[in-house]
Q: 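Please find one structure pasted underneath; my questions will follow.
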Amino acid sequence: MARQMSQDTPKETVKAKTAPASRHPYADGSYKKMLIDGKWVDAASGKHFETRNPATGDLLATVAEGDAEDINRAVTAARKAFEGPWSKFKPYERQALLLKLADLVEKNFDELSTLDTLDMGAPISRTRGTRQRVLGMLRYYAGQTTAIHGETIQNSLPGEVFSYTLKEPVGVVGAIIPWNGPLGASIWKIGPALAAGCTVILKPAEEAPLAPLRLGELVMEAGVPPGVVNIVPGYGETAGAALASHPGVDKVAFTGSHVTGQSIVRASAGNLKRVSLELGGKSPDIVFADADIEAAVPGAAMAVFSNSGQICSAGTRLFVEQKVYDEFTGRVADFGKKLRVGNGLDPETQIGPLVSEQQLERVSGYLNIGKQEGARALAGGERLTEGDLAKGYFVPPTVFADVRDDMRIAQEEIFGPVISAIPFRDMDELVQRANATMFGLGSGVWTRDVSKAHRLASAIRAGSVWVNCYQTMDPAVPFGGYKMSGYGRESGLQHMEEYLNVKAVWIKTA
Ligand code: NAI
Ligand code: MG
């Protein structure tokens with residue numbers, strides 16, 4: 001999906017090439033424009049691309065395809081708004097807007113979550129299930145607008161010079177997001193940017209632009225002034241790269257692969273824009289023999305199978321203490337086999353399709369590599385093609401046993417529902433092996449021994465350590481990476497700092 005491009009001049013009425021099966025009013029095969037300076041406009045080039053449902057192949061929409069020229073227009077609008085009307089908004093006024101937006105998102109949440117399910121495949125139970133978190137984020141950032149403050153600093157020159165700091169918005173922000181949770185990712189960028197007083201150009205992923213575009217309508221409905229939020233869908237190599245290198249952009253907030261993260265850092269060098277990166281992982285999830293196994297089995301399984309493994313912090317390297325290794329991996333495999341794979345619109349579905357043919361190829365490639373490397377598939381291991389599943393990109397929960405640390409399936413991010421289960425014996429060796437990855441995003445520890453939990457919490461080089469749980473998130477708790485998983489933090493007070501500059505002011509008093 002999403003890779004077929006067309007050069008035709010788009011019309012309001014561009015018709016689906018294949019009849020859309022979905023009756024969703026926003027994903028009925030119609031044409032979607034981009035949001036620049038408060039107006040819904042065509043791409044300057046007239047180009048557009050298709051977005052399809054990865055469960056069925058049905059066309060959902062054709063979307064105006066932004067590239068460098070559209071990014072230019074959006075940056076100009078965002079700059080004008082930043083220096084003009086938006087700079088006059090008082091913190092409580094930005095707060096009121098964010099709260100209004102939160103109310104609108106709440107009112108339209110079923111529609112927005114359905115769009116994510118249609119566009120990227122995640123089960124409706126999952127996309128609906130993010131409600132609390134998504135609304136919580138918006139309301140958290142609304143709260144932050146009135147909490148921004150500098151400091152009075154008691155310097156060593158009392159009576160001579162008085163000094164204090166001011167926090168100011170960094171300016172125009174380019175936000176580039178992936179497809180694995182489009183609604184949440186959009187809000188995770190727009191929320192703090194607006195709270196800090198920045199303006200934004202959001203570039204959704206080409207695979208799943210619909211919920212971000214619909215969110216753009218709600219942003220306008222909330223009364224956010226023109227140019228404060230611009231949404232320019234398009235491909236990474238064109239629209240994304242233009243945003244990352246644009247001299248009029250002050251900061252890029254990126255979520256996606258580490259390879260693209262590296263190219264964004266290079267592209268940012270021209271004007272030394274500020275960059276924050278939330279990248280991939282190969283996170284260790286560690287199960288000790290003394291763990292509550294009844295909780296650890298579903299916990300470790302869903303740490304990977306949720307969203308078909310398309311989560312940056314998925315606990316894909318499952319380290320299991322040798323004496324329970326066979327029993328535990330067998331139970332995780334049985335758990336995986338019982339999960340219902342299917343179209344995400346079915347409320348019973350637990351595992352949806354992968355997002356695209358590209359991801360299917362990538363994950364299938366790793367399934368073959370795992371077998372060639374000598375890993376043993378206890379569950380899954382093969383694409384599903386029975387009946388309707390043949391129309392989509394379905395891979396079942398897969399558990400590989402007999403995995404060694406040096407195998408590619410133990411080192412590389414697969415981004416599919418694939419667990420690489422690795423046995424371990426003693427703690428010192430475990431710490432070193434758990435850290436032997438270029439990534440450092442998430443990690444999990446399952447144990448009843450509180451001293452083991454604390455010891456690992458400090459020894460693991462990763463931005464999050466979950467003990468007896470996995471992937472728990474909250475708007476107030478910072479999330480982000482060590483090493484090649486990126487830098488900068490999202491959520492929490494640190495997140496606001498990513499969008500603020502510090503200015504020191506000196507007043508001579510003597
Ligand atoms: P990607 O990192 O290429 O795409 C993410 C976003 O970056 C999209 O909006 C894309 O259009 C944009 N982009 C791509 N190239 C760009 C460039 N040169 N300059 C600026 N923006 C650019 O990820 P992709 O290709 O969708 O997936 C490939 C692999 O990346 C996955 O299999 C997975 O391993 C990893 N990934 C990790 C994610 C995470 O949350 N950590 C999210 C998505 C992908
Ligand atoms: Mg890509």
Side-chain angles (χ1 to χ4, degrees), residues 1-3 49 51 54 63 65-68 71 119-120 122 174-182 184-186 188-189 201-209 212 231-246 249 252-270 273 275-283 304 306-314 316 354-366 393 395 408-409 411-418 438-442 463-464 471 473 479-481 483-488 490:
M1 81 185 220
R3 277 284 157 188
F49 64 95
T51 186
V63 179
E65 184 196 329
D67 64 17
I71 293 294
D119 218 5
M120 53 71 67
I176 303 175
I177 58 166
W179 38 262
N180 54 345
S186 303
W188 226 6
K189 305 288 189 224
I201 300 105
L202 175 73
K203 201 217 61 79
E206 52 270 39
E207 291 85 353
I231 304 183
V232 182
Y235 292 97
E237 302 74 19
T238 50
L243 198 51
S245 64
H246 201 292
V249 172
V252 167
F254 174 72
T255 303
S257 66
H258 72 279
V259 177
T260 299
Q262 289 171 314
S263 72
I264 282 173
V265 171
R266 282 190 291 269
S268 72
K273 59 175 64 68
V275 177
S276 56
L277 302 168
E278 204 269 272
L279 309 177
K282 193 73 187 175
S283 301
V304 177
S306 293
N307 217 27
S308 293
Q310 304 169 124
I311 297 184
C312 46
S313 52
T316 48
L354 298 177
V355 73
S356 64
E357 194 170 352
Q358 253 171 299
Q359 285 303 118
L360 175 69
E361 277 165 22
R362 179 191 169 96
V363 173
S364 302
Y366 278 108
Y393 312 123
V395 171
R408 286 183 62 191
I409 58 163
Q411 288 297 325
E412 297 172 21
E413 183 173 54
I414 298 174
F415 232 57
V418 184
M438 68 178 183
F439 296 113
L441 192 58
S464 297
Q471 256 149 17
M473 305 279 266
F479 177 83
K483 302 192 271 183
M484 296 277 283
S485 293
Y487 43 77
E490 297 194 299

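Note that this is a predicted model, so its numbers are computed, not measured. Read the numbers this way: they start at 1 and go in the same order the structure lists the ligands and their atoms.
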Q: Using side chain to side chain contact (heavy atoms under 4.5 Å, CB included) as the criterion, list what pairs up with Arg408, not counting sequence neighbours.
A: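 Partners of Arg408 under the side chain to side chain contact (heavy atoms under 4.5 Å, CB included) test: Tyr366, Ile369, Glu373, Glu412.
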Q: Give the minimum heavy-atom separation between Glu413 and Gly281, together with the two atoms involved.
A: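 Reported closest heavy-atom pair: OE2-N, 3.0 Å.
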Q: Report yes if some heavy atom in the side chain of Ile409 is under 4.5 Å from a heavy atom in the side chain of Val418; otherwise report no.
A: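 They are not in side-chain contact.
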Q: Determine, considering heavy atoms only, which of Phe439, Trp179, Phe415 sits nearest to atom 37 (C) of ligand 1.
A: Phe415
Q: Please verify whether a non-hydrogen atom of Ser263 lies at under 4.0 Å from ligand 1.
A: yes
Q: Does the side chain of Ser283 reach to within under 4.5 Å of the side chain of Phe439, using non-hydrogen atoms?
A: no
Q: Which atoms of ligand 1 are found less than 4.0 Å from any heavy atom of Phe254?
A: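 Every atom of ligand 1 under 4.0 Å from some heavy atom of Phe254: 2 (O), 6 (C), 7 (O).
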Q: Enumerate the atoms of ligand 1 whose separation from the nearest heavy atom of Pro178 is less than 4.0 angstrom.
A: 42 (C), 43 (C)
Q: Does Gln411 reach the side chain of Met438, with side-chain heavy atoms less than 4.5 Å apart?
A: no
Q: Under 3.5 Å, N or O to N or O, is Ser257 touching ligand 1 that way?
A: yes
Q: Do Phe415 and Asn180 come close enough that some side-chain heavy atom pair is under 4.5 Å?
A: yes
Q: Can you see which heavy atom on His246 is nearest to which on Lys273, and at what distance?
A: O-NZ, 3.0 Å
Q: Counting each atom of ligand 1 from 1 as listed, which ones have a heavy atom of Cys312 under 4.0 Å away?
A: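 Numbered from 1, ligand 1 contributes 39 (C), 40 (O), 41 (N).
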Q: Between Phe254 and Leu279, is any pair of side-chain heavy atoms under 4.5 Å apart?
A: yes
Q: Could you give the distance from NZ (Lys282) to CD1 (Ile414), rounded to the nearest 0.5 Å?
A: 4.0 Å
Q: For atom 5 (C) of ligand 1, which candidate among Leu277, Thr255, Ile176, Ile311 holds the nearest heavy atom?
A: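 Nearest heavy atom to atom 5 (C) of ligand 1 lies in Thr255.
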Q: Looking only at distances, please establish whether an N/O atom of ligand 1 is found under 3.5 Å from an N/O atom of Gln359.
A: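 Yes.
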Q: Taking distance alone, with N or O pairs closer than 3.5 Å, would you say Thr260 contacts ligand 1?
A: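 Such a contact does occur with ligand 1.
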Q: Out of Gly240, Gly416, Gly481, whose heavy atom sits nearest atom 21 (N) of ligand 1?
A: Gly240
Q: Under 4.0 Å, heavy atoms only, figure out whether ligand 1 is touched by the backbone of Arg362, its side chain, both or neither.
A: side chain
Q: Going by the atom numbers of ligand 1, which of them fall below 4.0 Å from some non-hydrogen atom of Glu413?
A: 33 (C), 34 (O), 35 (C), 37 (C)
Q: Looking only at N/O atoms, are Leu279 and ligand 1 under 3.5 Å apart anywhere?
A: yes
Q: Using a plain distance cutoff, I'd like to know if Gly236 has any nitrogen or oxygen under 3.5 Å from a nitrogen or oxygen of ligand 1.
A: yes
Q: Between the candidates Leu243, Ile177, Thr238, Leu354, which shows the shortest non-hydrogen contact distance to atom 8 (C) of ligand 1?
A: Ile177
Q: Write down the atom of Ser485, the atom of Gly280, and the distance for their closest heavy-atom approach.
A: OG-O, 2.7 Å
Q: Near Gly280, which atoms of ligand 1 are under 4.0 Å from a heavy atom of that residue?
A: 41 (N)
